There are 2 protein chains.
Amino acid sequence: MNRVSIKDVALQAKVSIATVSNVVNGKGRVSAQTARKVQDVIEQLQYYPSQSARNLKDKQSYMIAVVVPYLKEAKLYDNPFYWKLIVGIEEGAKHKRFQVMLMDVNDDESFAFVQERHLDGMVVVGTFHNEPVLERISAIQKPVVFLDSYLEHPYLHQLLIDDEQGGYLGAKHLIELGHRQIGIMCGLLVNGGVHAARLKGVHTAMKEAGLPLDSLQIFEVHTSAETGRFLAHRINDQFPQLTATFSFSDIGAVGLIRGFHDKKVSVPADMSVIGFDDMHYVEYMNPALTTIRQDVHMKGKLAVEMLMEMIDHPSVEARQIRLPVELITRESAGPCSRA
Amino acid sequence: MNRVSIKDVALQAKVSIATVSNVVNGKGRVSAQTARKVQDVIEQLQYYPSQSARNLKDKQSYMIAVVVPYLKEAKLYDNPFYWKLIVGIEEGAKHKRFQVMLMDVNDDESFAFVQERHLDGMVVVGTFHNEPVLERISAIQKPVVFLDSYLEHPYLHQLLIDDEQGGYLGAKHLIELGHRQIGIMCGLLVNGGVHAARLKGVHTAMKEAGLPLDSLQIFEVHTSAETGRFLAHRINDQFPQLTATFSFSDIGAVGLIRGFHDKKVSVPADMSVIGFDDMHYVEYMNPALTTIRQDVHMKGKLAVEMLMEMIDHPSVEARQIRLPVELITRESAGPCSRA
DNA sequence: CTGAAAGCGCTTACAG
DNA sequence: CTGAAAGCGCTTACAG
């Protein structure tokens, strides 16, 4: 396919391949005249330099990978979050003339592709909880930015949001509205994970208000709309004392609201609901969702920026950057009717 | 970085690089014993063959690109559709041991990267309306599958859904519910585009029912929730005769429903709404959205399959595959109150 | 079964 | 300013 090579251009332009290389890369000294001539031939022959050959010399690919664990899990599958993130990453990469590869990898899969393709770095999304994976990632000795991964290694470059503050803001809002008996819909509370951090923030808000932590009802469930709907039914049947539910994901909140509606529980009159993320469509729901906003697109762009910095300056100091979150007050959380 | 090369392995294992190559690729005849020895050294040295070098020989990269036009447009930006599609593609590609690159390209941008990186093919999502782009894509002489692109070239490999049938099913449902004055929220009706096809289906349903086409009110607007909300307000104020609105996207329908709610127009009692796509969350909305379902994940997987077939058999005949759609009846469309 | 050698398409000192 | 040559890390006939 890619028939025309640097040789063809050199031949046709009556110069050496070194000269062609120079004009292609704008390096070395080339007279305006020969440059011109070479350019013409390149144009005429439709010459495209082979990145593969370049990579072989440079040991650089101008490509980064975005690694997402377990694409098959429905959780990721239906989560608009990831698309927004990837778009942010692609945008940032493009700006730096890098291209991006998408990979989903399982806990036990190899990261050999990073070496094989001479990737310049990668952005790893979400937590790989088991240490072996982490070690394998570190072992490849390439620039890596970890997104939303609570890892306790100060030498790792991490980008997270202020999950604790998010939990705090949501809980505080509910408390200020008079709620005392609050349900929490969260995913698995693994040691120092995203949801554990959010819960910690909730605890802080409770303590600040002088409320006992055991008036909190924790539901450690799968993060999905399906689960939220089912949980709402369960709360209605078995936990009548609850007047508010804080879901650590918008998608869960969407399910909750629907589930309460199924049971004729009015949101927010009878039950307040708060979500987390501020996905674009929750503003248009009925009731519009009160939630904790994080700027996912910015997260993607910032991740690339961090990565590029590491690529340009391999010895740059590791940073743990934490993006702010914000309470977005809409309609789904209101005053406690049983205050 | 990638220090260890085939030479190092050869040296350490006391064989030639040809032999190493053979055991790595399982080609040629190698004695079990040497194979074993080489394997050990590979393991020990942590040797990863360089894809770049391989590509240089093979002119193959085992990588395909997913090309999405205009990532910056909010339309794509907030559309979960694309993520689901990409996941489907990645899954299919992985199955064939291919990796995927993500690119957004503008109408006037170059497709040089396909040649430069020796990509094995690409999936192009959405229509590039102007012919020059299409010509440039064709000019690169690589396997390409066009997704949702209405292109009138029988030699192009295309994968679409049955848009016309989708429009037909939605309209027919509304007509059966007694609606006569129907609004259509669609995007730009470019010559032979996706939305034009859907509209054509709507027309068919109207004609079948003996209804005049001018009782249809077409709103050619931007595809977004924001626009839907605004449009609902406008319909309420200026088009009181309408009793149903068919949006050619779920995201538009979400906005519509919210907009009608703003104006105290009850859906479906006073106004029926139908969407298109069946994004996962619309089932949980209140009211749950009646919509036309397409299987986006399947679409992604099928696209790769078509592409792989082209890669394996370059002369395979071009096909235009059209995936079926399905009416999903939920709550947002009901009997016409003014029938 | 195994190895020496050419060549893929570039880039990069090094001469001139 | 320009070119000859080496080398990046592989694969692939071709000998043996």
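Reminder, nothing fancy here: chain letters follow the sequence lines and each chain counts from 1. Not measured: the values here are computed from a predicted model.
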In whole angstrom, give the distance that lies between atom [atom1] of [X] and atom [atom2] of [N].
X	N	atom1	atom2	result
B:K59	C:dC10	NZ	C1'	11 Å
B:R117	C:dG9	CZ	C1'	15 Å
B:K57	C:dC8	NZ	C1'	5 Å
B:D8	D:dC8	CG	P	11 Å
A:I17	C:dT11	CD1	C1'	9 Å
A:Q115	D:dC10	CD	C1'	17 Å
B:K27	D:dT11	NZ	P	8 Å
A:Y48	C:dC8	OH	P	22 Å

### Query
Pick one: which of B:L11, B:V9, B:T34 meets side chain to side chain contact (heavy atoms under 4.5 Å, CB included) with B:V20?
B:V9

### Task
Would you indicate whether A:K301, at its atom NZ, is surrounded by more than 12 heavy atoms from other residues, nucleotides or ligands within a distance under 6.0 Å?
no

Across the strands shown, which category fits [X] at heavy-atom distances under 4.0 angstrom: base, sugar-phosphate, nothing?
X	answer
B:S52	nothing
A:V24	nothing
B:N25	sugar-phosphate

### Query
Pick the nucleotide of DNA chain C nearest each of A:N22 and B:V30; which residue has the one closer to the 5' end?
B:V30

### Audit row: A:E309, A:R319, salt bridge (Lys or Arg N to Asp or Glu O under 4.0 Å) steps and yes/no
CA-CA 11 Å; A:E309 205 181 319; A:R319 290 185 298 172; 3.1 Å; yes

What's the closest nucleotide to the [X] side chain, out of [options]?
X	options	result
A:S50	C:dT12, C:dC8, C:dC10	C:dC10
B:S16	C:dA4, C:dT11, D:dT11	C:dA4
B:S21	D:dT12, C:dT12, D:dG3	D:dT12
A:A53	C:dA4, C:dC10, D:dG9	C:dC10
A:Y47	D:dA5, D:dC8, C:dC10	C:dC10
A:S31	C:dC8, C:dC10, D:dT2	D:dT2
A:T19	D:dC10, C:dC10, D:dT2	D:dT2
B:I6	D:dC10, D:dA5, C:dC8	D:dC10
B:K7	D:dA4, D:dC10, D:dC8	D:dC8
B:R54	C:dG3, D:dT2, D:dC10	D:dC10

#### Entry: Note: B:K94-A:E109 ion pair, threshold 4.0 Å (strictly below)
yes

### Summary
Heavy-atom closest pair (B:Y62 atom, A:R117 atom, distance to 0.1 Å) is O-NH2, 3.1 Å

### Query
So, the side chain of B:S149 versus the backbone of B:L147: is there a donor-acceptor pair under 3.5 Å, distance only?
yes

### Task
Could you check B:D58 against A:A18 and say which one's nearest nucleotide on DNA chain D is further toward the 5' end?
A:A18

#### Entry: Strand partner of D:dA13, provided both Watson-Crick or wobble distances fall under 3.5 Å
none

## Note on the structure
When both distances are under 3.5 Å in a Watson-Crick or G-U wobble arrangement, the nucleotide paired with C:dA4 is none

